Structure formats: C-alpha cells, structure tokens
Amino acid sequence: MSITEARLFRKIRKQVGKAIGDFQLIEEGDRIAVAVSGGKDSYTLLHVLDSLRRRAPVRYELIAVNVHPGFPGYDTRALAAHLQEHGFAHRMEQTDCYQIIETKRRPGSSYCAFCARLRRGVLYSVADELGCNKLALGHHLDDFIETLLLNQFFVGTLKAMSPRLLADNGRHTVIRPLVYVEEQDIAAFSQQNNFPLIACACPAGSQGDRNRRRMKNLIQELSVEIPHLRSSLLGALGNIQPRHLLDRRLQDALAAAQPSPEGS
Ligand code: SF4
C-alpha cells in the first residue's frame, strides 16, 4: 500500500469510526449483515468495517449479504469470488424481484421505490435467517445530501436519511456507517484496491435515478464556487432550528414545552 493509499484508508476509517461513535452504530455482540451489491460503496463499507473490527474494543461479526434481484445481466460471480478470497462470511441470495416488479408494479408508480422496497424486504428476511440484529448499508455523505435536496425539490419535506434507524419490523436496526465519507474518496479507495465492480444491470436504466443525478450535478457544479458545500449541507442535517421552520406540529410542541408565565 502506497503512502497515499494508506492515508486515504486512514481517513475513511477515521470518518467511519467517528460515525460509529456519534450515533452508536455498533455495540457489543452485534451481528451485522452488510449489504453488498458489487459496487464501490458496499465494497468500501465491508472492508472498512472489517478493518475496524480487528481493533475494536467491542466484539461484532460481519456477514456480507448480496441480493440478486434477477435483473438480466447482473453477474455476481466476481463479487462472490472476492468475498471468498478475502475470507468474508457471506450469503448470495437469488430472488425473482425483477419478475415481481414487471408483473405487479402499478402503471405510473415509481420503479425504483418498488424495487428498493422489495430488495430491502429480502435483506430483512435474510438478516433474520442469519440471526443478524443489524443491517449495514453503504449510503455515503453524498447520498445523504442528495436525498435532502431531492425531498425538498420534489416531495416538499425536510428530511434525508438516518445513520441509525429501527426498521418498521422492529427487529432490525439499519445503520449507515459511511455517512461522513464523500463519494469521491470511496471511488478513489475502490480504484486503489481494484475492487471487482459489477454492473447493477438496472432495467430502469438512466431513468431510474435521473433526479438523483440532477442533484449530484447541481452539488458538483456549486461546489466549484462553494468548496465546503457538502459538509455544510451535511452539517445542516445535524443542526435543526425548529423555531425557524414552518412545521406547525413542531411549533405546537415548542409552545407546549415553554414554561407558563408566572402567576398565570
Ligand atoms: S436504480 Fe435500479 S436497481 Fe436501484 S432501486 Fe432503482 S430500479 Fe432498483
């Protein structure tokens, strides 16, 4: 490993360690299913969590889980070989998500939303089978802020993602340890390590994440003039000022929490 590689690895490991500490992402005895798609983000997540595991003060286990959605052309052999070669416990799950999406999706409804929901459901089931209490996903800093903008631009809500969230089923905690890691560092790390990336073969093609790419381009463009834009947007997510927003539920809650004037 060259000095530059070692430095980048240390940087990412430190950011992941900070996220783990800030949001209590990993605890003693955790058994964590790490979702791996064969893309740069999930390879990075798995390798960094494994490196931290070797020196962590708490004991935890990792099991890499790949969900094959059945998309024609999605070939996971290189991923499986990589997991085998590096000695990662893993599970390769074949599914018929693609067929279900094609036959059951309501006309006009979002392909991505249906696809993501189905695949997440499979991940939960596999995590259950494997006795995992947590599910680690490879969303990084750019995903968080793009989602923040997407929700503001297209949905009209002020929300992004949570680095730690109890799933609706109440059994699994979803964790996103790459929350502080920028995508460009992940791309460089992936390249340095020659991770065998595999094409996702998503049938939605360029339409699937069109708006997300627009947000990505916008952030990229503005970052030329505002170099700290990414960290500022991420910082905003952790620095909410409810009194200066329009959410009436929040306003009511704040008013209710005010001490009543003396003598009234
Ligand atoms: S981009 Fe493709 S693979 Fe990803 S959620 Fe959308 S449809 Fe599924």
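Note that the structure is predicted; figures quoted are calculated from it, not measured. Whatever order the structure lists them in is the order used to number ligands and atoms, beginning at 1.
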Partners passing ring-ring contact (aromatic ring centres under 6.0 Å, His included) against His172 (at least two apart in sequence or in another chain): Tyr124
Under 4.0 Å to a heavy atom of Cys202 - the qualifying atoms of ligand 1, by number: 1 (S), 2 (Fe), 3 (S), 7 (S)
Numbered atoms and elements of ligand 1 in range of Phe71, under 4.0 angstrom, heavy atoms: 3 (S)
Aromatic plane relationship, Phe9 with Phe189 - under 30° parallel, 30 to 60° tilted, over 60° perpendicular: parallel
Parallel, tilted or perpendicular: ring planes of His86 versus Phe88, cut at 30 and 60 degrees: parallel
Pair Arg164 + Glu27, salt bridge at N-O below 4.0 Å: yes
Where ligand 1 meets Tyr111 - atom numbers and elements under 4.0 angstrom, heavy-atom basis: 7 (S)
Basic-acidic side-chain contact under 4.0 Å: Arg53, Asp50: yes
Metal proximity, Cys112 vs atom 2 (Fe) of ligand 1, N/O/S cut-off 2.8 Å: no
Per-atom contacts of ligand 1 with Cys115, taking only distances under 4.0 Å to non-hydrogen atoms: 3 (S), 5 (S), 7 (S), 8 (Fe)
